[in-house]
K.L.:
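I have a structure I would like to understand better, so I am pasting it below and will then ask my questions one at a time.
Both ligands and their constituent atoms are indexed starting at 1 by order of listing.
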Amino acid sequence: MIRIGALVSGGGTNLQAILDAIERENINAKICCVVSNKEGAYALERAEKKSIENCVIKKSDFNSQKEYELALVKYFKERNVDLIVLAGFMVILGEDFINEFENKIMNIHPALIPSFCGEGYYGLKVHKAVLDYGVKLTGATVHFVTAECDAGPIILQKAVDVFDDDTPEVLQKRVMEEAEWVIYPEAIKLFSENRLKIENGIVKRR
Ligand code: GAR
């Protein structure tokens, strides 16, 4: 069974989708700890309800980004996690964290990478940018995390229609329901079955 650590910042609907899928589909994985960078994040309550160890580790408690990242590394290493999932985590992590868990960190991005991604594109801002551009298809992407923001090897993507009368909120909800909550658990299942191989920066599914 793989041990998963989650990093969250907000509502935690992706965390919930993962927890539900693990139970429903018998995925050989367990979320063993949840860390938020924000006090009061509802995702922490979701963890609490499932009796999952959880805490807040926030940047402002440390003197530098490096110290913050090293504290996160220590936390997850002590808990022997095999995979870290960023589930609506709104902090950009640097090499001090990423290099410690090479090809063992996943993120979900609410658009079809390489569109509408990178620094500044997060949460509702992504959906606003999609509507402002006028694309007719958007979606979600699960990818491995590398030092370059939203540029790591892509694991799964799913497209979602954009409609003329969408607001960022309406579009966000559709992208979550039709794409994010589907492909994130799926990617974790593939990882848990050791079916994801990275060759020259490209993920091959076996
Ligand atoms: C989700 O839409 C997720 O894809 C996005 O924030 C939302 C978090 O919702 N993440 C990013 O924008 C990261 N760049 P949740 O807390 O309910 O899972």
K.L.:
Can you tell me which residue pairs pass the salt bridge (charged side-chain N to carboxylate O under 4.0 Å, His left out) test with a partner in residues 74-83, sequence neighbours excluded?
P.N.:
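Only E53-R79, K74-E78, K77-E100 qualify under salt bridge (charged side-chain N to carboxylate O under 4.0 Å, His left out).
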
K.L.:
Could you tell me which residues satisfy side-chain contact (heavy atoms from CB on, under 4.5 Å) with I98, sequence neighbours excluded, listed by chain and number?
P.N.:
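L93, I105, V145.
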
K.L.:
In terms of residue, atom name and distance, what is the protein heavy atom nearest to atom 8 (C) of ligand 1?
P.N.:
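For atom 8 (C) of ligand 1, the nearest protein heavy atom is G88 CA, 3.6 Å.
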
K.L.:
Are any of the N or O atoms of H127 closer than 3.5 Å to those of ligand 1?
P.N.:
no

K.L.:
Salt bridge or not between R174 and D161? Use side-chain N to carboxylate O under 4.0 Å.
P.N.:
no

K.L.:
How close does the nearest protein non-hydrogen atom get to atom 7 (C) of ligand 1, and which residue and atom is it?
P.N.:
M176 CE, 4.1 Å

K.L.:
Would you check whether Q172 has a nitrogen or oxygen atom less than 3.5 angstrom from a nitrogen or oxygen atom of ligand 1?
P.N.:
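N/O-N/O distance below 3.5 Å does not exist for this pair.
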
K.L.:
Considering heavy atoms of the protein only, find what lies nearest to atom 12 (O) of ligand 1 and give residue, atom and distance to 0.1 Å.
P.N.:
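Its nearest protein heavy-atom neighbour is G123 N, 2.8 Å.
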
K.L.:
Locate the shortest heavy-atom distance separating A6 from L15; write the atom from each residue and the value.
P.N.:
CB-CD1, 4.0 Å

K.L.:
To which protein heavy atom is atom 16 (O) of ligand 1 closest, and what is the distance rounded to 0.1 Å?
P.N.:
G12 N, 2.8 Å

K.L.:
For F76 and F97, take the angle between the two ring planes, folded into 0 to 90°, and tell me which bin it lands in: parallel under 30, tilted 30 to 60, perpendicular over 60.
P.N.:
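Perpendicular: the ring planes of F76 and F97 meet at over 60°.
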
K.L.:
With heavy atoms of Y122 as the reference, note each atom of ligand 1 found under 4.0 Å away.
P.N.:
12 (O), 14 (N)

K.L.:
Nearest heavy atom to atom 13 (C) of ligand 1 wins, so pick from L124, I108, I92.
P.N.:
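Heavy atom nearest to atom 13 (C) of ligand 1 belongs to I108.
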
K.L.:
In the protein, which heavy atom is nearest to atom 2 (O) of ligand 1, and how far is it?
P.N.:
E180 OE2, 2.9 Å

K.L.:
What distance do T13 atom OG1 and Y184 atom OH have between them, rounded to the nearest 0.5 Å?
P.N.:
11.5 Å

K.L.:
If you have a sec, work out which protein heavy atom is nearest atom 6 (O) of ligand 1 and how many Å separate them, to one decimal?
P.N.:
M90 CE, 3.2 Å

K.L.:
Is there a path of hydrophobic side-chain contacts, each under 4.5 Å between heavy atoms of I, L, V, M, F, W or Y residues, that connects L19 with V8?
P.N.:
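Linked, L19 and V8 end up in one cluster.
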
